[in-house]
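Predicted, not measured: the structure shown is a model, and the values here were computed from it. In the text below, chain A, chain B and the rest are named by the order of the sequence lines, each starting its count at 1.
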2 protein chains.
Amino acid sequence: MTEFGLSPIQATARDDAVLKALAGFVMQEALGPGQRLPTERILAERLKVSRNTVREALTRWEGLGLVERRQGSGTYLKGVVSLDMLHMPLTLAGGNDFTSLMQTLEIRRALEAEAAALCAVRAGQAEIAEIARKLDIMEQAFHTRAGMSAEEDWEFHQSIYRASGNPLFEQIIAAMHELFHRFWEHPLGVRDFGHASFPYHRTIYERIAAHDPEGARAEALKLIATVEDDLKRGAAKLKLSGQK
Amino acid sequence: MTEFGLSPIQATARDDAVLKALAGFVMQEALGPGQRLPTERILAERLKVSRNTVREALTRWEGLGLVERRQGSGTYLKGVVSLDMLHMPLTLAGGNDFTSLMQTLEIRRALEAEAAALCAVRAGQAEIAEIARKLDIMEQAFHTRAGMSAEEDWEFHQSIYRASGNPLFEQIIAAMHELFHRFWEHPLGVRDFGHASFPYHRTIYERIAAHDPEGARAEALKLIATVEDDLKRGAAKLKLSGQK
DNA sequence: ATGCAGAAATTGGTTGGACCATTGAGCCAT
DNA sequence: ATGGCTCAATGGTCCAACCAATTTCTGCAT
């Protein structure tokens, strides 16, 4: 099969046209997350298409998590949209079981290590200071609330992804985090989940502040390893207690 | 065309219910990629919902890349569908420029290295044989077609992702690959793009076959490094020629 | 004036029916 | 066989309602 370099043309593509126009409108009006966009009826009238077409277009955006619809209220932006957006929908088979969590952790291990290394190379004074701030907040929360610092923990890691200079790290891991939110919070009933990982947050920060990419990578790998251990302990506990 | 195993829907949240019922139907009938599923009119009748509702539900799946609709023909499955699917749609800002490509390469570097290492640990005889087969095909195509072996190259990497035992690797990288398809093919006008990476395919395979995870990781990193170099060369060339 | 319950308007969700555009299968003349 | 034709099937779009949740307005009692 030879390559002709030709793509099939699309005769009818009203949905896409609607989304393109809407994206242009959003940019023009400089709308951000939380803002409400025009009602379906108005969009249909302005764009000279049926309300049904508008709805199918918005359904696409909703499925992509870009927009949230509230009956009786309106349609609201949930993220930043731009004309040159690229979509990368992933669907993972298998539910919220041990295997799925373990698989996401393998992805996170790869990305976390790389992000920490890149961060150690690229982070400037401001980024390092921000990471230090998040680390302090997390450590204080950890001590005052006896280890319940999931939210602060997450924000610490986010600050590293941001300082990596590549927004894809944050986006991919954030999507996984949102997906397994309940499990990152109270995974599998292990009460002291995450305790073992605590000291490595500071060591990661130190290696980043010292601009030592391989050191940061190594500490990040240690952190993920403790999480994997916790997960395995939780799975073993579950097995003992007879749950499937 | 008599029995569909579909039962009517009752409460609100119709479209979600439609998708759940449809997913159940797909599993029950053991439908796989490429297969055609019932027409919208039949689904609407069987589920006792309006055709518009069916369409919105299918629009969701289409946006997620699970399904492909062909006017006049039907709606066809594009991937594997199951009841306990989880969706992780990512939307990346920024277009098909040099920076975006470089950022996806950083993600690919992290994942490719980890996948190769995992593969070296987990791949069995059958998986290794499959990788060897893809490698042979790629090398032959490379020699007979003077380096134009993008498709075979991609299939070689896919076989590694599959043998890693974690489907997320293949899904994430496949999504990026599809996204930047034109650029992976003829990136930035560099004619011998990918030539430098050629020898590392075999070295990666050898480390995997020897069950040497760190060796496989190292070779994978070398391969990505050559691609990054090609990309930088292409960008420099573009800069010289005055294009933006 | 103020507070609040109920009415009214707004907005997304659903329905049913109609028609258009594309596809594919069957048929027929060549 | 080949090419062109019809015609039924199927997804794409449109319209005009109505339903359900939410918000806003209104008017009465305090």
Closest to the 5' end of DNA chain D, once B:Asn52 and B:Arg36 are matched to their nearest nucleotides, is B:Arg36
Hey, which sits more toward the 5' end of DNA chain D by its nearest nucleotide, A:Gly72 or A:Glu56? A:Glu56
In whole angstrom, what separates [X]'s [atom1] from [N]'s [atom2]?
X	N	atom1	atom2	value
A:Ile42	C:dA9	CD1	P	17 Å
B:Tyr76	C:dT22	OH	P	17 Å
B:Glu40	D:dC14	CD	P	15 Å
A:Leu43	C:dT10	CG	P	17 Å
A:Arg60	D:dG12	CZ	C1'	11 Å
A:Glu45	D:dA16	CD	P	13 Å

Looking at every strand, decide which applies to B:Arg70 at a 4.0 Å heavy-atom threshold: base, sugar-phosphate, or nothing. sugar-phosphate
Among [options], which is the nearest nucleotide to the side chain of [X]?
X	options	result
A:Thr39	C:dT11, C:dG16, D:dT23	C:dT11
A:Arg41	D:dC14, D:dT13, C:dG13	C:dG13
A:Gln71	C:dT15, C:dG13, C:dA21	C:dG13
B:Thr75	D:dG11, D:dC15, C:dG12	D:dG11
B:Val49	D:dC14, D:dG12, C:dT15	C:dT15
A:Thr53	D:dC14, D:dG11, C:dT15	D:dC14

Should the pair B:Phe198 and B:Phe142 be assigned to parallel (<30°), tilted (30 to 60°) or perpendicular (>60°) ring geometry? parallel
Distance test, side-chain N/O of [X] to OP1/OP2 of [N], below 4.0 Å:
X	N	answer
A:Ser73	C:dT10	no
B:Arg51	C:dT15	no
B:Arg69	D:dT10	no

Using 4.0 Å as the upper bound for N to carboxylate O, is an ion pair formed by B:Arg70 and B:Glu68? yes
Table please: side-chain donor-acceptor pairs of residues 28-39 of chain A below 3.5 Å, with sequence neighbours left out.
| residue | atom | partner | partner atom | Å |
| --- | --- | --- | --- | --- |
| A:Arg36 | NH1 | A:Ser73 | O | 2.9 |
| A:Thr39 | OG1 | A:Ile42 | N | 3.2 |

Starting from the C-alpha separation in whole Å, work towards a yes-or-no answer on salt bridge (charged side-chain N to carboxylate O under 4.0 Å, His left out) for B:Glu114 and A:Arg109. CA-CA 8 Å; B:Glu114 190 75 14; A:Arg109 175 173 56 198; 2.7 Å; yes
From the options B:Lys78, B:Arg69, B:Arg55, select the one residue that forms a salt bridge (charged side-chain N to carboxylate O under 4.0 Å, His left out) with B:Glu62. B:Arg69
